[in-house]
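No experiment lies behind these values; they were computed from the predicted model shown. Note that the numbering runs from 1 along the sequence shown for the chain.
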Amino acid sequence: MFEQIFGSIRSQIDERLSNPLAGSFLISWCLWNYKFFVILFSPENVVKTFELIEVIVFPDAEAMLLKGLLYPAITSAIYIFLYPYPAKYVYEFSRKRQREIAEIKRRIEEETPLTIEESRRIRAELARVESEHTEQLDKKDREVERLKSQLSSHEAAKTNDSPKAPLKTQTTIEDSQLEILRLVEKHDGKAPEKALLKESEHSQVKTEFDLGELVNRGLIERSYRSGIRDYLYTFTHAGRSYLLANPESEPVKS
């Protein structure tokens, strides 16, 4: 019960002291009546202490009214109503100076050239990041190749389980597209796009169209390889089957 009473009293006191008027008035009163605290905490006995307070601090009613109420109230009003204006100007001035100093420091740091040690450290960090990036890309490429291989094996197993007509009768492609298949075979089944465009006898637009058609028909696959920085075309099982079913005719000997 007593703890609740003391807690309530303490919360009321904290609320009053947190008020700007009450806090500023209390500080002003302590400053105007500092002699009161000097006498209060002096080693004199109680009777002597009260006598000194009446004689020195509050000798009459006028002193009690002025120092006890009026002067602290005026000081509090000045602090509350007038002090914020110069404080605002000073704060604004201080913040501007801080921004100017920060801008000067930034400009000096930008104009100051890097040392040799700093340049080496930055180059080493860039090389490390590039190496990690390349390693991650290669890892992804290997994973894609593994999944494609599994998919091709699965499709081949399905093809073997369900007999179909020969591929030659199922798929018909243009001669230019058959030529591209033979170019891919010439590169051991893995041909870069730049090499195919260069070695093809047709225009670039026609060759790119034929490559797209072969990819759509599932005869070749297209994947980007970061190591060569180019797209790589590889045979699918269907592409190999078609090429085997349509071998290049040998010239007739006379």
Side-chain angles (χ1 to χ4, degrees), residues 110 113-251:
E110 290 179 352
L114 295 175
T115 62
I116 297 177
E117 184 64 27
E118 291 175 340
S119 300
R120 290 175 179 174
R121 186 171 65 252
I122 292 175
R123 284 197 295 268
E125 183 66 19
L126 289 175
R128 183 186 64 81
V129 173
E130 184 177 359
S131 177
E132 291 180 355
H133 181 66
T134 303
E135 183 178 354
Q136 291 178 358
L137 288 178
D138 293 340
K139 183 178 179 181
K140 297 295 183 183
D141 289 340
R142 290 193 297 269
E143 181 67 17
V144 170
E145 288 297 324
R146 185 182 65 82
L147 294 175
K148 286 182 178 179
S149 177
Q150 292 180 357
L151 182 61
S152 298
S153 301
H154 181 69
E155 291 178 350
K158 289 176 61 178
T159 303
N160 294 333
D161 293 340
S162 54
K164 299 179 182 179
L167 186 61
K168 185 174 182 180
T169 60
Q170 293 178 4
T171 305
T172 303
I173 62 175
E174 298 180 6
D175 292 340
S176 59
Q177 296 170 6
L178 180 59
E179 176 191 344
I180 291 177
L181 290 179
R182 289 168 179 163
L183 288 177
V184 175
E185 180 187 17
K186 178 182 176 182
H187 288 270
D188 297 328
K190 297 180 180 179
E193 185 176 72
K194 293 179 181 178
L196 294 176
L197 294 175
K198 181 179 179 181
E199 297 175 9
S200 175
E201 297 179 355
H202 302 277
S203 65
Q204 179 176 345
V205 175
K206 173 61 176 173
T207 304
E208 290 176 348
F209 171 79
D210 289 340
L211 287 170
E213 285 294 308
L214 291 173
V215 171
N216 290 336
R217 291 173 179 267
L219 299 178
I220 58 175
E221 292 179 341
R222 181 176 186 254
S223 60
Y224 183 79
R225 297 299 175 88
S226 58
I228 61 174
R229 297 187 178 182
D230 193 8
Y231 287 99
L232 193 70
Y233 290 91
T234 57
F235 279 123
T236 63
H237 182 75
R240 292 189 183 93
S241 300
Y242 189 90
L243 199 60
L244 291 174
N246 297 270
E248 187 175 4
S249 59
E250 296 182 357

So, do Asp141 and Ser226 sit near enough that their side-chain heavy atoms are less than 4.5 Å apart? yes
Got a sec: does the NE2 of His202 have more than 12 other heavy atoms crowding it under 6.0 Å? yes
Rounded distance (nearest 0.5 Å) linking atom CG of Leu178 with atom OG1 of Thr172: 11.5 Å
Is there side-chain contact between Ile173 and Leu181, with heavy atoms separated by less than 4.5 Å? yes
Say you draw a straight line from CD of Gln177 to CZ of Phe209; how long is it, rounded to the nearest 0.5 Å? 6.5 Å
Should we count NZ of Lys148 as having more than 12 external heavy atoms under 6.0 Å? yes
Would you say Ser149's side chain and Glu145's backbone share a donor-acceptor pair under 3.5 angstrom? no
Main-chain N/O of Ala127 paired with Ser131 side-chain donor or acceptor, under 3.5 Å: no
Could you go step by step and tell me if Asp138 and Arg142 meet the salt bridge (Lys or Arg N to Asp or Glu O under 4.0 Å) rule? CA-CA 6 Å; Asp138 293 340; Arg142 290 193 297 269; 5.2 Å; no
Between Glu208 and Gln204, do the side chains contain an N or O donor and an N or O acceptor separated by less than 3.5 Å? yes
Just so I know, are the side chains of Ile220 and Leu211 near enough to count as touching, which here means a heavy-atom distance under 4.5 Å? yes
Residue pair Arg123 / Arg120, side-chain heavy-atom distance below 4.5 Å: yes
Less than 4.0 angstrom from a charged side-chain N to a carboxylate O is my criterion; do Arg128 and Glu132 meet it? yes
So Glu213 and Glu174, do their side chains get closer than 4.5 Å, heavy atoms only? no
Do Arg240 and Phe235 meet the cation-pi criteria used here (NZ or CZ under 6.0 Å from the six-membered ring centre, within 45° of the axis)? no
Give the table of side-chain donor-acceptor pairs shorter than 3.5 Å for residues 187-194, with sequence neighbours excluded, one pair per line with atom names and distance.
unit_1	atom_1	unit_2	atom_2	d
His187	NE2	Glu199	OE1	3.2
His187	NE2	Glu199	OE2	3.1
Glu193	OE2	Tyr233	OH	2.8

Please enumerate all residues that pass side-chain hydrogen bond (donor to acceptor under 3.5 Å, both in side chains) together with Glu143, with sequence neighbours excluded. Arg146
Is it true that a side-chain atom of Thr236 and a backbone atom of Gly218 form a donor plus acceptor pair closer than 3.5 Å? yes
Trace of the side-chain contact (heavy atoms from CB on, under 4.5 Å) decision for Arg229 with Tyr224: CA-CA 7 Å; Arg229 297 187 178 182; Tyr224 183 79; 3.8 Å; yes
Is the shortest side-chain N to carboxylate O distance from Arg182 to Glu185 below 4.0 Å? no
